[in-house]
Structure formats: structure tokens, C-alpha cells
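Scroll down for the structure; my scribbles are underneath it.
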Amino acid sequence: AQPQIEAVLEDIVHKPYTGPEHKLTPLVNEHVGKYSKYVFEPVESGDGNWQLAHEDGDMKVYRRELEEDGVVVDPLKAQHIVKGLSAFEMCKYFFDKDTRLDWEGTVESFKVLDKLADDSVVFHQLHKRVWPSTQRETVFCSHICMLTNAPRPENMVGHTWMVCNFSMEHPSVPITSKMIRATLNVGLVCQTIINRQVEPGQESSITRDDVSCKIIYAANVNPGGWAPPSVVRTIAKREITKFLKKISSCAQKAVLEQPLTL
Ligand code: 16H
């Protein structure tokens with residue numbers, strides 16, 4: 001089945017949410033192009049290296065144990081299903097910096113370095129120090145877009161949305177010896193699932209009670225320096241689980257009083 005899956009993933013195309021193009025458009029396209037395919041590579045039927053690390057209700061967290069130069073860089077992938085909101089609403093909420101600190105437990109503070117367009121922003125983040133290791137910082141570009149031709153789960157309505165966050169360098173924040181520069185590539189892909197039959201043309205009758213958001217979250221983290229493997233693995237599993245739970249409940253609350261946007 002592998003060549004077939006590859007052919008399907010090859011067809012995925014991303015469309016900018018708002019545009020216009022900017023100086024980092026080629027870099028964004030390169031990352032989103034690669035990551036949008038990577039996120040959909042199946043964990044269950046793949047090369048067998050993915051292990052289920054944690055399961056809690058609809059949430060599943062998988063990891064592949066991997067070390068580079070002695071540093072743990074385990075790829076992580078998670079799936080979750082969140083009731084009462086759409087794919088667009090979830091991605092919008094994850095992308096929105098103004099509510100980030102409501103759910104983001106790993107960040108102490110952040111700064112916008114560059115607003116490239118409404119759909120692309122560069123950030124500098126200071127992460128909370130994990131005792132006893134050195135504090136981490138990150139510089140990354142965050143981009144929100146729609147994916148076309150992505151594999152559709154059963155009972156999906158509307159479009160596939162994605163937020164892609166990838167580490168980059170920025171002249172205004174050189175690497176210093178005070179902190180360790182960690183690097184991450186993250187993809188959050190969301191699709192709306194409907195739990196009742198809707199006749200074609202009746203889409204406007206869909207309400208919040210009818211929908212759930214299916215999330216696939218993939219993260220490749222390099223802590224940027226040696227830390228005890230067991231510590232990194234424990235923290236990674238704990239933080240990705242906490243993150244999924246927290247952002248799900250915060251996003252559900254945030255959209256509660258608003259009309260559904262599919
Ligand atoms: O995606 C998450 N947060 C985003 C919004 O703040 C930013 C993130 C990002 C940050 C920097 C660069 C690119 C992307 O996307 C939620 C993150 C959830 C945590 C995932 C697992 C973290 C594993 C940490 C292991 C580090 C060990 C530290 C050494 C002791």
C-alpha cells in the first residue's frame with residue numbers, strides 16, 4: 001500500500017489563507033509542502049517504527065525513538081478529536097498569538113519579530129526553564145493555510161486547514177551563551193467531521209452540536225543540546241499531552257458564543 005499512499009500525498013497542495021506573497025514565501029512553501037505530506041503519513045501501517053506512547057479517550061500520541069549526535073530528537077505525532085468546533089476554528093485559535101498564553105504551558109514570553117502577512121508571522125519565544133537544564137528559546141515562522149487534495153476521513157465536511165510552525169534564524173536575535181536555541185518543526189492539521197447526515201445544499205443547517213474537529217499534530221523537536229534522554233522523553237510526552245488537552249478545552253470555550261465557521 002505504501003506507493004499508493006505516497007501518490008496520494010504527492011497531490012496535496014496548500015493555498016494561502018490571505019496572502020499576499022512576502023520575502024519568506026519560498027521558505028514557507030518549502031516547509032508547508034514537505035510537512036503537509038509528512039503529517040498524513042500513517043503511523044499505524046507505516047514502517048512499524050511508530051510506537052503508541054500515550055492514549056486517553058480520543059487522544060493518541062505516537063513517537064519514534066531517534067537520537068542525533070546523542071541528542072534525543074524523537075519525532076512525535078498525535079491525533080485527537082474535539083467536539084463542537086470546526087477545523088478552521090481550531091487552526092485559527094492555534095495561530096492566534098493573542099490567546100496563546102491562555103493554553104501554552106511551555107512559554108514564558110514571546111515577541112513578534114516580523115509580521116510578514118496576515119497568515120505568516122515570525123516569533124521569538126522564551127520557554128519555561130525545565131529544572132535542572134538551561135532555559136530554551138526559539139525563533140520560528142508560523143503560517144496558516146488551507147490544504148487541497150488531502151486525504152479525507154469519513155463524514156468530513158469543508159476544507160482541511162493547517163498551521164505550520166518552523167524554526168528559522170533571524171538577524172535581530174543572535175544565538176547567545178545565556179540560553180540554548182531549540183529548534184522545532186510543527187504541523188497542526190485539522191478536518192471537520194459531521195455526526196449526522198446532511199443533504200447536499202443543506203450545509204447551512206449544520207450547527208456546533210453536529211461537528212467535531214479531527215486533529216493531527218506532528219512535532220520534530222531538537223532540544224539544541226544534550227539533556228538526559230529519559231528527561232527529554234518524559235517532558236516531551238507530558239507536554240504534548242498537556243498541550244492537546246489544554247488547547248482543546250480553551251478553543252471550545254472561545255468559540256462557544258460564536259456562530260460556527262466551517
Ligand atoms: O506547538 C506548540 N506551541 C506553538 C505556539 O507556542 C509553538 C511551537 C513551536 C515553537 C518553536 C519553534 C517551532 C514551533 O509550535 C505547542 C508545543 C507543545 C509541546 C511539544 C513537545 C515539546 C517537547 C519538549 C522537549 C524539550 C526538552 C527540554 C530539555 C530538558
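Each ligand, and each atom within it, is numbered from 1 in the order the structure gives. As the structure is a computational prediction, the values presented were derived from the model and not from experiment.
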Inset, instruction - Give a yes or no on this: more than 12 heavy atoms of other residues, nucleotides or ligands lie within 6.0 Å of atom NE2 of His159. - result: no
Inset, instruction - Could you tell me the residue and atom name of the protein heavy atom closest to atom 13 (C) of ligand 1, and the distance to it rounded to 0.1 Å? - result: Leu184 CB, 3.3 Å
Legend entry - Ligand-residue contact atoms, ligand 1 with Thr138, heavy atoms, under 4.0 Å: 11 (C)
Legend entry - Interatomic distance, Gln125 atom CD to Asn165 atom CG [nearest 0.5 angstrom]: 8.5 Å
Inset, instruction - Find the distance between CG (Asp58) and NZ (Lys83) and round it off to the nearest 0.5 Å. - result: 6.5 Å
Inset, instruction - Return the residue, atom name and 0.1 Å-rounded distance of the protein heavy atom closest to atom 19 (C) of ligand 1. - result: Glu239 CB, 4.1 Å
Legend entry - Atom pair SG (Cys141) and NE2 (His170), whose distance is rounded to the nearest 0.5 Å: 10.0 Å
Inset, instruction - Starting from atom 8 (C) of ligand 1, locate the nearest protein heavy atom and write down its residue, its atom name and how far away it is, to 0.1 Å. - result: Asn165 ND2, 3.8 Å
Inset, instruction - Please work out which of the three classes, parallel, tilted or perpendicular, describes the rings of Phe94 and Tyr217, given edges at 30° and 60°. - result: perpendicular
Inset, instruction - Find the distance between CG (Leu76) and CG (Leu66) and round it off to the nearest 0.5 Å. - result: 11.0 Å
Legend entry - Any Trp226 heavy atom less than 4.0 Å from ligand 1: no
Inset, instruction - Report yes or no: do His14 and Asn29 form a side-chain donor-acceptor pair below 3.5 Å? - result: yes
Legend entry - Proximal atoms of ligand 1 relative to Arg100 (non-hydrogen, under 4.0 Å): 5 (C), 6 (O)
Legend entry - Under 3.5 Å: N/O of His127 near N/O of ligand 1: no
Inset, instruction - Indicate yes or no: does an N/O atom of Ser133 lie under 3.5 Å from an N/O atom of ligand 1? - result: no
Legend entry - Close-contact set for ligand 1 against Trp103 heavy atoms, below 4.0 Å: 3 (N), 5 (C)
Legend entry - Within the 6.0 Å centroid threshold, strictly below: Phe110 and Phe123: yes
Legend entry - Reported CG-to-OH distance for the pair Leu85 and Tyr93, which is rounded to 0.5 angstrom: 10.5 Å
Inset, instruction - Just jot down the ligand 1 atoms closer than 4.0 angstrom to any heavy atom of Tyr217, in number order. - result: 1 (O), 2 (C), 16 (C), 17 (C), 18 (C)
Legend entry - ligand 1 contacted by Phe123 (non-hydrogen, < 4.0 Å): no
Inset, instruction - Using a strict cut-off of 4.0 Å, indicate which atoms of ligand 1 neighbour a heavy atom of Phe94. - result: 1 (O), 2 (C)
Inset, instruction - Just jot down the ligand 1 atoms closer than 4.0 angstrom to any heavy atom of Ala236, in number order. - result: 23 (C)
Inset, instruction - Please indicate, with yes or no, if any protein heavy atom is found under 4.0 Å from atom 26 (C) of ligand 1? - result: no
Legend entry - Ser167 near ligand 1 by a heavy-atom separation under 4.0 Å: yes
Legend entry - Flag, side chain of His127 to backbone of Thr106, donor-acceptor distance under 3.5 Å: yes
Legend entry - Glu104 neighbourhood, listing ligand 1 atoms whose heavy-atom distance to it stays under 4.0 Å: 2 (C), 3 (N), 4 (C), 5 (C), 6 (O), 16 (C)
